[in-house]
Amino acid sequence: MKYFGLPGDASLVLITGYLLNIYSAVGVIIGLGLNSREITILATMVLIAHSLILEGAICSRIGVNPFFITFFRILTSFIAGFLLNVVLR
Amino acid sequence: MIEIIQDALFGSLSTLLTITMIVVPLMIFIETFKRSPFWDVFCNNVAKIIKYLGFSKNSAIPLAAGVIFGLIYGAGTMMDEVKKGLINTKEIILINIFLVLSHAMIEDTAIFVAIGANFVIIFFGRIAITILFVLLFGKILDLFRRFD
């Protein structure tokens, strides 16, 4: 997690956000008591990739490979978190 | 012990109240907007903008619905157009990449702003990374079609 400028506890937010929905991620963020910069980085990462199981199923209904979309979203959220860690000081 | 329960109860209730006060008016606004005559005007304006990203005019309604209301609504309107054969395969993949990265831009952003995230960064950062990846994948898909 140090590449995203976040404490180790924040991985809990990412896992809940990826597997469940953003409301559960919001609950975990409030419970951890992070500062504004960490919340902004986490919010961007969770907003880009959330509810991966449900939304992967929707994508497969349209006709796009759900595994490609899921992998692409997780990768993009990592890229966004890394970039924001570099940009925000 | 009682203090901890009290603290947890009032803390979570106040957070719930903040989120409710933001999300409920937004939901009412979005539901009204969907049924108002402004929706068609909005779709026409979206069609002019997405021309520069390489989308055709038929993709305007799925994109606008997905970005404002959420992925499920966008996918629903898109399935209609796919069944009619109005959108080709390259555009289906590009719309999907666009919608999967930025959907429900009003509601989801408002929830995170309510708990203390920076609005400008999470809104425009998300749009910027979406446009970047859509342009990138548009170029990649063009490359694959050239070798067919």
Side-chain angles (χ1 to χ4, degrees), chain A residues 13 17 21-52 54-89, chain B residues 8 11-12 14-16 18-19 23 62 66 70-83 87 89 91-97 99-105 107-130 132-134 136-137:
Chain A
V13 179
N21 50 25
I22 57 169
Y23 290 94
S24 56
V26 165
V28 179
I29 287 178
I30 292 166
L32 288 178
L34 303 165
N35 64 27
S36 177
R37 174 177 178 273
E38 289 162 346
I39 290 178
T40 306
I41 295 175
L42 272 177
T44 315
M45 292 179 76
V46 172
L47 278 174
I48 285 175
H50 57 255
S51 328
L52 291 171
L54 175 77
E55 291 180 355
I58 297 170
C59 292
S60 74
R61 287 285 298 168
I62 303 175
V64 180
N65 189 345
F67 297 105
F68 161 70
I69 283 290
T70 306
F71 179 72
F72 170 69
R73 285 179 83 175
I74 294 177
L75 195 70
T76 313
S77 86
F78 284 173
I79 293 171
F82 181 73
L83 284 180
L84 279 181
N85 184 32
V86 175
V87 173
L88 293 180
R89 277 292 159 207
Chain B
S12 49
S14 76
T15 314
L16 199 66
T18 320
I19 292 177
V23 170
L71 183 64
I72 296 176
Y73 199 87
T77 48
M78 195 163 144
M79 265 179 230
D80 284 346
E81 311 235 329
V82 171
K83 267 180 200 156
I87 305 177
T89 318
E91 265 184 70
I92 292 174
I93 297 173
L94 280 187
I95 293 174
N96 208 289
I97 286 170
L99 283 189
V100 104
L101 291 181
S102 57
H103 54 256
M105 290 298 279
E107 190 197 325
D108 289 4
T109 310
I111 296 165
F112 276 101
V113 171
I115 61 164
N118 187 328
F119 169 78
V120 176
I121 293 172
I122 63 174
F123 189 82
F124 292 102
R126 206 170 159 206
I127 291 183
I129 209 159
T130 304
L132 197 78
F133 272 105
V134 167
L136 183 73
F137 270 88

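Just so we're on the same page: letters track the sequence lines, and every chain starts at 1.
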Contacting region of [X] [heavy-atom separation from chain A under 4.5 Å]:
X	result
B:Phe119	neither
B:Glu81	neither
B:Leu16	neither
B:Ile122	both

So A:Asn85 and A:Arg37, side-chain contact (heavy atoms from CB on, under 4.5 Å) or not? Walk me through it. CA-CA 9 Å; A:Asn85 184 32; A:Arg37 174 177 178 273; 2.7 Å; yes
Looking only at heavy atoms and a cut-off of under 4.5 Å, which of [options] has the most pairs with chain B?
options	value
A:Thr76, A:Ile48, A:Leu84	A:Thr76
A:Leu54, A:Val46, A:Val87, A:Val26	A:Val26
A:Thr40, A:Leu47, A:Ile39	A:Leu47

Just say parallel, tilted or perpendicular for the rings of A:Phe72 and A:Phe68, cut-offs at 30° and 60°.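 Aromatic pair A:Phe72/A:Phe68 classed parallel.
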Part of A:Leu34 lying under 4.5 Å from any heavy atom of chain B: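 Neither part; nothing is under 4.5 Å.
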What do you reckon, is CD1 of B:Ile72 surrounded by more than 12 foreign heavy atoms closer than 6.0 Å?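 No, CD1 of B:Ile72 has 12 or fewer neighbouring heavy atoms, counting only those of other groups under 6.0 Å.
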In this structure, are over 12 heavy atoms from other groups packed under 6.0 Å from A:Tyr23 atom OH?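 More than 12 within 6.0 Å, yes.
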Test B:Val113 against B:Phe123 for side-chain contact (heavy atoms from CB on, under 4.5 Å), laying out the working first. CA-CA 10 Å; B:Val113 171; B:Phe123 189 82; over 6 Å; no
I need the single residue from B:Asn96, B:Leu99, B:Leu71, B:Ile93 that forms a side chain to side chain contact (heavy atoms under 4.5 Å, CB included) with A:Ile62. Which is it?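 For A:Ile62, the side chain to side chain contact (heavy atoms under 4.5 Å, CB included) test succeeds with only one of B:Asn96, B:Leu99, B:Leu71, B:Ile93, which is B:Asn96.
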